[in-house]
Amino acid sequence: QVQLVESGGGLVQPGGSLRLSCTSVGFTLDRRDIGWYRQAPGKEREGVSCITSVGGRTVYIDSVKGRFTISRDNAKNTVYLQMDNLRLDDTGIYYCAPVPCGVTVPKASGSWGQGTQVTVSS
């Protein structure tokens, strides 16, 4: 089992950028696919992006393509989500989780950490 800790959220204006980090505690991530998820106020949690452990294949939902970039640094046990050109509807709590990436971001269940709050507001 792994514990994942999200960080890097904050308050940003539309068009701004944030870089989120997902770091494991006590275990390595090199053999795990990692997905990023978010939950906006009053809405269901949705998958945002996913990166595979083998080959580094990446997956994004349509609404973030061209704006978000997922990457990983296995030496640091960290997966990143670079978010550029942020929009108001990107606001939410962002979570990461170990998942099997598919052709789309999988629907994940199980335990979730505290996440990191991203607020896009003018």
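Not measured: the values here are computed from a predicted model.
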- Query: Does the pair Y37 and I93 meet the rule for a side-chain contact (heavy atoms from CB on, under 4.5 Å), with working shown?
  - Reply: CA-CA 8 Å; Y37 299 79; I93 303 175; over 6 Å; no

- Could you go step by step and tell me if R38 and D90 meet the salt bridge (Lys or Arg N to Asp or Glu O under 4.0 Å) rule? CA-CA 8 Å; R38 67 186 179 189; D90 292 321; 2.9 Å; yes

- Message: side chain to side chain donor-acceptor pair (under 3.5 Å) for T78 and T23? Distances and angles first, verdict last.
- Response: CA-CA 4 Å; T78 300; T23 302; 3.1 Å; yes

- Can you check side-chain contact (heavy atoms from CB on, under 4.5 Å) on L20 and E6, steps first, answer last? CA-CA 7 Å; L20 307 184; E6 303 93 343; over 6 Å; no

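Listed here is the closest heavy atom pair of G9 and V118: CA-CG2, 4.1 Å. Pairing each heavy atom of V79 with each of R72, the nearest pair is CG2-CB, 3.8 Å. Taking each heavy atom of I34 and C22 in turn, the nearest pair found is CG2-SG, 4.2 Å. Of all heavy-atom pairs between Y60 and K65, the closest is O-CE, 3.3 Å. Taking both residues in full, the closest heavy atoms of V12 and L86 are given as CG1-CD1, 3.4 Å, listed atom of the first, atom of the second, then distance. Nearest approach of P14 to S122, heavy atoms of both residues: CD-N, 3.8 Å.
Screening D84, N85, T69, V48 for a side-chain contact (heavy atoms from CB on, under 4.5 Å) involving V64 leaves a single residue, V48.
Counting only heavy atoms from C-beta outward, the side chains of R87 and R67 approach each other to under 4.5 Å. Side-chain atoms of P98 and D33, non-hydrogen and from C-beta on, never get closer than 4.5 Å to each other. Looking at S121 and T91, their side chains never come closer than 4.5 Å, going by heavy atoms from C-beta outward.
Expressed to the nearest 0.5 Å, how far SG of C96 lies from CD1 of I51 amounts to 12.5 Å. S53 OG to N74 CG: the interatomic distance, rounded to the nearest 0.5 Å, is 8.0 Å. Here the straight-line distance linking atom CD of Q82 with atom OG of S17 works out to 5.5 Å at 0.5 Å rounding. Taken from CZ in R19 to OG in S7, the straight-line distance is 10.0 Å, to the nearest 0.5 Å. Expressed to the nearest 0.5 Å, how far OG of S49 lies from CD1 of I61 amounts to 8.5 Å. Atom CG of L88 sits about 10.5 Å away from atom CD of Q13, to the nearest 0.5 Å.
Between F68 and Y94, the ring planes lie tilted relative to each other; the angle falls in the 30° to 60° range.
Figure legend: cation-pi geometry between R45 and Y95, with NZ or CZ positioned under 6.0 Å from the six-membered ring centre and within 45° of its axis.
Both L18 and V120 are members of a single hydrophobic cluster when ILVMFWY side chains are connected at heavy-atom separations under 4.5 Å. Hydrophobic clustering (ILVMFWY, side-chain heavy atoms < 4.5 Å, transitive): L29 and F27 are in one cluster.
When atom types are taken as modelled, the side chain of R32 and the backbone of T28 share a donor-acceptor pair closer than 3.5 angstrom.
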